[in-house]
Q: 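To start, I am sharing the structure in question, which I have written as structure tokens.
These numbers were taken from a predicted model, which means no experiment stands behind them.
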Amino acid sequence: MRILVTGGAGFIGSHVTDAFAADGDEVAVLDDLSHGRPGRVDPSVTAFNAAITDADALTEAVEQAKPQVICHLAAQIDVRVSVDAPAADAAVNVVGTVNLLEAARAVGARVLFASTGGAIYGGGVPVPTSEDERPAPEAPYGTAKYCAEQYLALYNRLHGTTHAALRLANVYGPRQDPTGEAGVVGIFCGRALRGERPTVYGDGQQTRDYVYVGDVAAAFLAAARTETPGVWNIGTGRETSVLDLIDVVGQAAGRTLEPEFRPARPGEVLRSALDSARVRADLGWSARTTLADGVREVYRWIEAGSPDRA
């Protein structure tokens with residue numbers, strides 16, 4: 001298949017690109033390199049330097065690549081940034097996605113959208129949370145992602161497309177820039193290597209569902225091999241508190257870590273884990289990497305100097 005990965009020079013996008021290339025597909029990448037790193041992309045992969053907010057440049061790149069499937073991972077990903085600048089967040093995550101859907105429609109491509117599971121459901125829902133729960137995001141980031149999902153569903157109704165959304169849990173792994181909420185595994189591993197204390201916002205009892213990036217890439221492969229539209233949670237179904245994560249990082253580092261506590265940050269839910277029963281039934285996908293194994297991979301990657309092509 002011909003695959004285009006937006007945000008393909010990013011953390012998750014570069015792993016998705018590698019997974020499709022390893023499976024024998026013809027892969028191209030689109031990235032404006034505002035956060036992506038060219039070194040993450042295999043030199044043999046065709047790369048387009050364009051932003052999804054630039055509709056003309058985006059359309060031109062898509063017309064050149066002529067993909068059958070577009071894995072849409074280009075996004076503004078920081079919850080705190082979305083709280084501070086909601087209009088800018090919506091410009092990328094909503095308007096940019098609409099630009100992408102229009103470009104995809106021009107070439108007849110199917111879109112697989114990287115949505116959020118951690119930020120879309122909000123608080124007060126059963127944990128682990130299924131796709132049947134009504135989203136009630138508590139930050140502009142989750143709101144924008146949910147709005148983008150609605151555009152996918154609209155295009156499916158209006159144009160007969162088979163676009164799908166993958167609601168990702170907290171993805172971690174090698175190549176992840178250690179910034180933002182989703183980069184906490186890398187942040188903690190880096191601090192452990194430097195002999196520093198991990199910083200905990202709040203009491204450390206808040207939970208997340210940490211899913212390894214290699215498993216996420218496998219989910220995109222599975223979704224691309226079907227024409228089924230849908231919304232699927234991509235996670236482990238297991239809650240891990242911040243304090244428990246610190247213990248796992250300490251095991252990888254071979255020493256006990258003592259956290260430093262700071263006030264909680266606004267716009268973040270207290271508990272989150274995703275029920276992935278639907279994607280197991282529909283696509284046969286499930287997370288296979290344990291947290292201990294995945295954290296060890298991150299620790300070794302940082303210890304080795306954080307190479308782009310790890």
Side-chain angles (χ1 to χ4, degrees), residues 12 75-90 92-94 97 113-153 165-172 176 179-185 187-188 198-212 216 219 230-248 259-280 287 291:
I12 304 173
Q76 192 297 111
I77 63 170
D78 195 303
V79 170
R80 289 169 294 168
V81 168
S82 80
V83 172
D84 293 337
D89 177 81
V92 177
N93 290 338
V94 181
T97 299
F113 173 58
S115 188
T116 173
I120 208 166
Y121 293 111
V125 294
V127 180
T129 310
S130 80
E131 298 90 342
D132 294 328
E133 293 297 327
R134 181 180 179 182
E138 298 182 358
Y141 169 72
T143 302
K145 285 289 193 177
Y146 185 47
C147 185
E149 284 189 12
Q150 296 308 300
Y151 271 99
L152 262 71
L166 282 67
R167 291 179 176 171
L168 309 183
N170 283 60
V171 188
Y172 72 98
Q176 184 177 32
T179 58
E181 174 193 316
V184 67
V185 173
I187 292 170
F188 285 175
T199 301
V200 174
Y201 295 92
D203 62 8
Q205 297 300 325
Q206 60 268 39
T207 65
R208 295 293 183 269
D209 183 343
Y210 296 99
V211 61
Y212 190 66
V216 171
V231 175
W232 296 297
N233 285 339
I234 307 300
T236 69
R238 293 185 292 274
E239 290 183 85
T240 300
S241 73
V242 176
L243 296 181
D244 287 342
L245 176 62
I246 289 173
D247 288 343
V248 175
E260 177 183 351
F261 292 92
R262 293 186 182 175
R265 297 180 295 196
E268 296 182 0
V269 298
L270 295 180
R271 296 180 62 201
S272 178
L274 303 183
D275 181 347
S276 298
R278 180 180 296 177
V279 72
R280 283 196 302 273
L291 184 61

Q: Judged by atom type as modelled, is there a donor-acceptor pair below 3.5 Å linking the side chain of Glu149 to the main-chain atoms of Cys147?
A: no
Q: Any chance you could measure Leu245, atom CG, to Phe188, atom CZ, to the nearest 0.5 Å?
A: 6.0 Å
Q: Could you walk me through whether Tyr121 and Glu131 satisfy the side chain to side chain contact (heavy atoms under 4.5 Å, CB included) test, starting with their C-alpha distance in whole Å, then the side-chain angles of each, then the deciding distance to 0.1 Å, before giving a yes or no?
A: CA-CA 9 Å; Tyr121 293 111; Glu131 298 90 342; 4.0 Å; yes
Q: Please round to the nearest 0.5 Å and tell me the distance separating atom CG of Leu168 and atom OG1 of Thr116.
A: 7.5 Å
Q: Do Val242 and Val184 have side-chain heavy atoms sitting under 4.5 Å apart?
A: no
Q: Are any side-chain N or O atoms of Asn233 and backbone N or O atoms of Ser276, one a donor and one an acceptor, separated by less than 3.5 Å?
A: no
Q: Between Glu133 and Val125, which heavy-atom pair has the shortest distance, and what is it?
A: OE1-CG1, 4.2 Å
Q: Does some side-chain heavy atom of Pro128 sit less than 4.5 Å from a side-chain heavy atom of Asp209?
A: no
Q: Using atom types as modelled and distance alone, determine if a side-chain donor or acceptor of Asn93 lies under 3.5 Å from a backbone N or O of Gln76.
A: yes
Q: Can you check whether Asn170 reaches Val185 side chain to side chain, under 4.5 Å on heavy atoms?
A: no
Q: Judged by atom type as modelled, is there a donor-acceptor pair below 3.5 Å linking the side chain of Thr207 to the main-chain atoms of Thr240?
A: no
Q: Taking all atoms of both residues into account, what is the closest heavy-atom pair of Gly142 and Pro137, and its distance?
A: C-CB, 3.6 Å
Q: So, for Leu243 and Asp203, which heavy atoms are closest and what is the spacing to 0.1 Å?
A: CD1-O, 3.8 Å
Q: Are any non-hydrogen side-chain atoms of Arg238 and Leu291 less than 4.5 angstrom apart?
A: no
Q: Please give me the minimum heavy-atom distance between Gly202 and Phe261, naming the atom from each residue.
A: O-CD2, 3.3 Å
Q: Please find the pair of heavy atoms, one from Asp89 and one from Pro140, that lie closest to each other, and give the distance.
A: OD2-O, 3.5 Å
Q: Nearest 0.5 Å, what's the CG-OG distance between Asp247 and Ser241?
A: 7.5 Å
Q: Under 4.0 Å between a Lys/Arg side-chain N and an Asp/Glu carboxylate O for Arg271 and Glu239?
A: yes
Q: Kindly indicate whether the side chain of Pro135, heavy atoms from C-beta on, has any atom under 4.5 Å from the side chain of Arg167.
A: yes
Q: Check whether any side-chain heavy atom of Val94 lies under 4.5 Å from a side-chain heavy atom of Tyr151, and answer yes or no.
A: yes
Q: Starting at OG1 of Thr199, measure out to CZ of Arg262 and round the result to the nearest 0.5 Å.
A: 4.5 Å
Q: Identify the two heavy atoms, one from Leu274 and one from Gly117, that lie closest to each other, and give their separation to 0.1 Å.
A: CD2-O, 3.6 Å
